[in-house]
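Following: one structure in structure tokens, then a few remarks.
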Amino acid sequence: MNSVQAVFLDRDGVLIACVVRNGKPYPPMRMEEVEILPGVAEALRKLAAAGFILVGASNQPDVGRGTISKEFVEAVNRGLLERLPEIREIDACYDFDDASPRRKPNPGMLLDAARKYNLNLVASFMVGHSLRE
């Protein structure tokens, strides 16, 4: 049995602030809108020091809808990895179809990371920002 534990982290609303438009949360659309939430860096340091592998897992359906580019999402993710080095990677699902196996709450992104890092999913955690995810 795999013994490596992970903490999977949603990007928008957990690592960075959502941008509220018309009372609803959205991912940032410009680099100026990317804001790491208070306490995130310290929490990640503590989780990594406790032995957890930290992996971002983020639905980014606006790419599939054509309202944001994949290149922008990847640029944001690269910037976060530079500023939050405890995170191993940030995986993204660009699909807006709920049936996609990689779109949370489906487990595809977590299963991919489990294979890649030899993770014990039963002993791991997911931190999301909504009840649905």
Side-chain angles (χ1 to χ4, degrees):
M1 182 162 141
N2 303 338
S3 61
V4 180
Q5 292 178 278
V7 176
F8 294 95
L9 303 149
D10 197 1
R11 191 190 81 169
D12 306 328
V14 173
L15 297 176
I16 63 175
C18 291
V19 178
V20 178
R21 295 183 187 97
N22 298 322
K24 293 176 69 177
Y26 291 93
M29 304 283 287
R30 300 185 321 268
M31 282 298 187
E32 305 81 50
E33 295 177 325
V34 177
E35 175 191 346
I36 295 175
L37 290 166
V40 165
E42 179 62 21
L44 297 179
R45 283 191 289 276
K46 288 179 179 179
L47 288 167
F52 290 98
I53 301 289
L54 305 178
V55 178
S58 181
N59 288 340
Q60 293 296 320
D62 291 329
V63 172
R65 292 183 186 112
T67 58
I68 195 167
S69 74
K70 182 177 178 181
E71 292 76 22
F72 176 75
V73 171
E74 291 173 353
V76 170
N77 291 349
R78 279 191 307 275
L80 289 173
L81 292 172
E82 289 172 11
R83 294 171 62 192
L84 302 169
E86 294 80 13
I87 300 175
R88 293 280 176 100
E89 72 174 295
I90 300 174
D91 195 2
C93 176
Y94 301 110
D95 226 337
F96 57 89
D97 179 1
D98 286 341
S100 170
R102 289 182 36 83
R103 182 172 165 76
K104 295 181 299 172
N106 297 323
M109 285 190 281
L110 282 60
L111 294 170
D112 289 347
R115 285 187 287 274
K116 186 173 185 178
Y117 299 111
N118 196 34
L119 302 174
N120 179 349
L121 291 179
V122 173
S124 295
F125 302 89
M126 175 75 207
V127 180
H129 74 284
S130 75
L131 292 175
R132 186 167 185 274
E133 296 178 6

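Small disclaimer: the values here were computed from a predicted structure and weren't measured.
With rounding to the nearest 0.5 angstrom, the CD1 atom of Ile68 is 10.0 Å from the OH atom of Tyr94. Distance check: Met126 CE to Met109 CE gives 7.0 Å after rounding to the nearest 0.5 Å. To the nearest 0.5 Å, atom CG of residue Leu47 and atom CD of residue Glu42 are 10.0 Å apart. Separation of atoms CG (Asp91) and CZ (Arg11) is listed at 12.0 Å; rounding is to 0.5 Å. Of the inter-residue distances, the one linking Phe8 atom CZ with Ile53 atom CD1 reads 10.0 Å to the nearest 0.5 angstrom. The structure places CG of Asp62 at 15.0 Å from NZ of Lys70, a figure rounded to the nearest 0.5 Å.
Smallest separation of non-hydrogen atoms from Asn106 and Pro101: CB-O, 3.4 Å. Taking all atoms of both residues into account, the shortest heavy-atom contact from Cys18 to Gly13 is SG-N, 3.5 Å. Closest approach of Val40 to Val14, counting heavy atoms only: CG2-O, 3.4 Å. When every heavy atom of Val55 is checked against every heavy atom of Ala113, the shortest pair comes out as CG1-CB, 4.2 Å. Closest approach of Tyr26 and Arg21 over heavy atoms only: CB-NH1, 3.2 Å.
Linking ILVMFWY side-chain heavy atoms closer than 4.5 Å, directly or via other members, places Met31 and Leu15 in a single hydrophobic cluster. Tracing side-chain contacts under 4.5 Å through hydrophobic residues (I, L, V, M, F, W, Y), one never reaches Val34 starting from Val19; they form parts of separate clusters. Note on Val127: it does not cluster hydrophobically with Leu110, by side-chain heavy-atom contacts below 4.5 Å among ILVMFWY residues. If you chain together hydrophobic residues whose side chains sit under 4.5 Å apart, Met29 and Leu37 fall into the same group.
Counting heavy atoms from C-beta on, the side chains of Val73 and Val63 come closer than 4.5 Å. Side-chain contact between Leu44 and Leu9 is present, with at least one heavy-atom pair separated by less than 4.5 Å. Taking 4.5 Å as the limit, every side-chain heavy atom of Pro27 sits out of range of all side-chain heavy atoms of Ile16. Put simply, the side chain of Asp10 reaches to within 4.5 Å of the side chain of Ser58, judged on heavy atoms. No side-chain heavy atom of Leu54 sits less than 4.5 Å from a side-chain heavy atom of Leu84.
Between the Asn59 side chain and the Pro61 main chain, no donor and acceptor come within less than 3.5 Å of each other. Within the 3.5 Å criterion, the main-chain N or O of Pro28 finds no donor-acceptor partner in the side chain of Asp12. At distances below 3.5 Å, at least one donor-acceptor pair connects side-chain atoms of Lys104 with backbone N or O atoms of Ala57. With hydrogens and angles disregarded, no donor-acceptor distance shorter than 3.5 Å links the side chain of Glu35 to the backbone of Ala17.
Using a cut-off of 4.0 Å between Lys/Arg side-chain N and Asp/Glu carboxylate O, Arg103 and Asp98 are scored as salt-bridged. A salt bridge between Arg102 and Asp112 is present, with a side-chain N of the basic residue lying under 4.0 Å from a carboxylate O of the acidic one.
Glu89 and Tyr117 share a side-chain donor-acceptor pair at under 3.5 Å.
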Side chain to side chain contact (heavy atoms under 4.5 Å, CB included) between Ser124 and Val7, intermediate numbers included: CA-CA 6 Å; Ser124 295; Val7 176; over 6 Å; no
